[in-house]
Number of protein chains: 2
Amino acid sequence: MRKGIETRERLLAIAEAAILAKGFGATSIEEVISEAEITKSGFFYHFKDKTELARALIHRYLEQDEVVLDGLFNRARELNDDPLHAFLIGLKLFAEMMTDLPEGHPGCLVATICYQERLFDRDIHDMTRSGVLAWRQRFLDVLREISEIYPPNDDVDLVEVADLVSTVVEGGIIMSKATREPEKLATQILLLRSYIKLLFSPVQSDRPLKLGH
Amino acid sequence: MRKGIETRERLLAIAEAAILAKGFGATSIEEVISEAEITKSGFFYHFKDKTELARALIHRYLEQDEVVLDGLFNRARELNDDPLHAFLIGLKLFAEMMTDLPEGHPGCLVATICYQERLFDRDIHDMTRSGVLAWRQRFLDVLREISEIYPPNDDVDLVEVADLVSTVVEGGIIMSKATREPEKLATQILLLRSYIKLLFSPVQSDRPLKLGH
DNA sequence: CGAGTACTGTACCATCGGTACAGATTTTTC
DNA sequence: GAAAAATCTGTACCGATGGTACAGTACTCG
């Protein structure tokens, strides 16, 4: 029972790395099992087919992701009780964490799956969707709290601002990979931080920012 | 000679759609040629192998992309001579164009290639990289022009702001696909527009925005 | 008409995802 | 410590696929 979970985890880690580097369709079970030092029968004992591997991967990914984000933004909240400042600290911690990845971010499974939609069934797409919606909810909660104290300086939909966090991370990963500048993801997150700052920073109420259009 | 280019173009269009939906590795030559109503030999007459197909695809993609962006932002510039307002108009036109895609954006080849790095050689990665750097240069030129008239309200690196445009588009495409909200890309671009507005909108010089940290 | 250009047809090979199933080995549980 | 359950190994097989090789055909343009 213990050992089974261990090998399963090893298979998942190897498969995830391979899929993020080559795509799902181009990742052969053969190469995964050879790197994991297990036989094909052993693989199919853990996953009845490739689809179940994908399901397990995305489940694991979203779970780990939630733990990481909780850790980051909870710690930020401990450092500053003001929701805006806490969020800004959280984004800074996030950026620092991305800087600490020497090879750059390995990639997001949600993005990989989106760019290979036809390979996956409804089930998996529902999983990625609810994962992204969880991100939205997480950031929306914080932004609502912030906007109650600091009225935004532009007429924006907070749902859009919440999604912008995910957008910048997903886009930043691609930009890092494409430009071969691993630090790009971190700097883009810091730019998002600049936007949040500009959006919620208080301005003299008798002289509001005049934004046309 | 004419007919050859026509079939080649047909092959490229079919292959691009398939690759954006299933990934490069999972796209079989078989399915491309069956949809294009050509034989395998015919395919290999145009492209000596799958790698050359990829090379041709990314080349075509970046060329078309440049034409589209030129069209958008040049028209915006014709509508308003002020670089800031022209850029804001350009972003609005961009968002409108994305809204007009009823099925949502089909996906970006650069992103697909980044998420399947190991499948492609240095040549192709150099092509995608220079494509992204061309986007950077395009937007950087405009932003420099803007910042000379409107000093930015936060201490930001204009290269980062230029890259943010690409980041938001790449991330927005993924968010659209993941949430199954095709309009998401457009709304995220409009949010980027909100940032540009906030960043460069003039503030009373005797009462500047006070941004700590 | 002749020379490319743009294909078709056929045959072949290694690899891969997947299936099936029988058996061995290890670990857990009572 | 034995039974039971979990964790694999070994072998054999199938159809599809990417890719190679090469001979031949049809179309097109000067």
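Numbered from 1 within each chain, the chains take letters A, B, ... in sequence-line order. Atom set for the values below is all heavy atoms of this structure, side chains included, hydrogens, waters and symmetry mates excluded.
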Rounded distance in Å - CG (A:Leu53) to C1' (C:dG17): 13 Å
Contacts of A:Asp49 that satisfy side-chain hydrogen bond (donor to acceptor under 3.5 Å, both in side chains) - sequence neighbours left out: none
For atom CD of B:Glu6 and atom C1' of D:dT28, their distance in whole Å: 14 Å
Helix axis bend for the helix from C:dC1-D:dG30 to C:dC30-D:dG1 - C1'-based end axes, five pairs, 10° rounding: 30°
Side chain to side chain donor-acceptor pair (under 3.5 Å) pairs, two or more places apart, involving residues 69-78 of chain A: A:Asp70-A:Arg138, A:Arg77-A:Glu145
Distance in angstrom units between B:Phe43 CZ and C:dC7 C1', rounded: 14 Å
Short side-chain N/O contact to D:dC8 OP1/OP2 from A:Thr7, under 4.0 Å: yes
Distance flag, aromatic centroids of B:Tyr195 and A:Tyr195, threshold under 6.0 Å: yes
A:Glu16: side-chain contact (heavy atoms from CB on, under 4.5 Å) partners, not counting sequence neighbours: A:Leu20, A:Leu57, A:Arg60, A:Tyr61, A:Leu109
Residues in side-chain hydrogen bond (donor to acceptor under 3.5 Å, both in side chains) contact with B:Tyr45, at least two apart in sequence or another chain: none
Pairs where residues 102-112 of chain A contributes a residue and the test salt bridge (charged side-chain N to carboxylate O under 4.0 Å, His left out) is met, not counting sequence neighbours: none
Interatomic distance, A:Arg8 CZ vs D:dC8 C1' [rounded to whole Å]: 15 Å
d(OH, A:Tyr45; P, D:dT9) in whole Å: 12 Å
Of the listed nucleotides D:dG18, C:dG17, D:dT20, the one nearest the side chain of B:Asp49: D:dT20
Integer-rounded Å distance: D:dT7 P and A:Leu11 CG: 12 Å
Contacting residues from residues 16-29 of chain A, given that a heavy atom lies under 4.0 angstrom of DNA chain D: none
Partners meeting side-chain contact (heavy atoms from CB on, under 4.5 Å) with B:Arg55 (sequence neighbours left out): B:Thr51, B:Asp121, B:Asp123, B:Ile124, B:Met127
Atom-pair distance (CG on B:Leu119; P on D:dG18), nearest Å: 13 Å
Distance in Å, A:Ser194 OG paired with A:Ile189 CD1, rounded so as to fall on 0.5 Å steps: 13.5 Å
Atom-to-atom span, CZ of B:Phe44 to P of D:dG24 - whole angstrom: 22 Å
Which residues share a side-chain contact (heavy atoms from CB on, under 4.5 Å) with B:Lys50, sequence neighbours left out: B:Phe24, B:Ile29
Residues within residues 30-40 of chain A bordering DNA chain C, heavy-atom distance below 4.0 Å: A:Glu30, A:Lys40
Residues that A:Glu35 engages under side-chain contact (heavy atoms from CB on, under 4.5 Å), provided they are two or more places apart: A:Ile14
Sequence neighbours left out, cut at 3.5 Å: what donor-acceptor pairs do the side chains of residues 165-172 of chain B make with other protein atoms?
from, atom 1, to, atom 2, distance (Å)
B:Thr167, OG1, A:Gln188, OE1, 2.8
B:Thr167, OG1, B:Asp163, O, 3.1

Phosphate OP1/OP2 of C:dC7 contacted by B:His46 side-chain N/O (<4.0 Å): yes
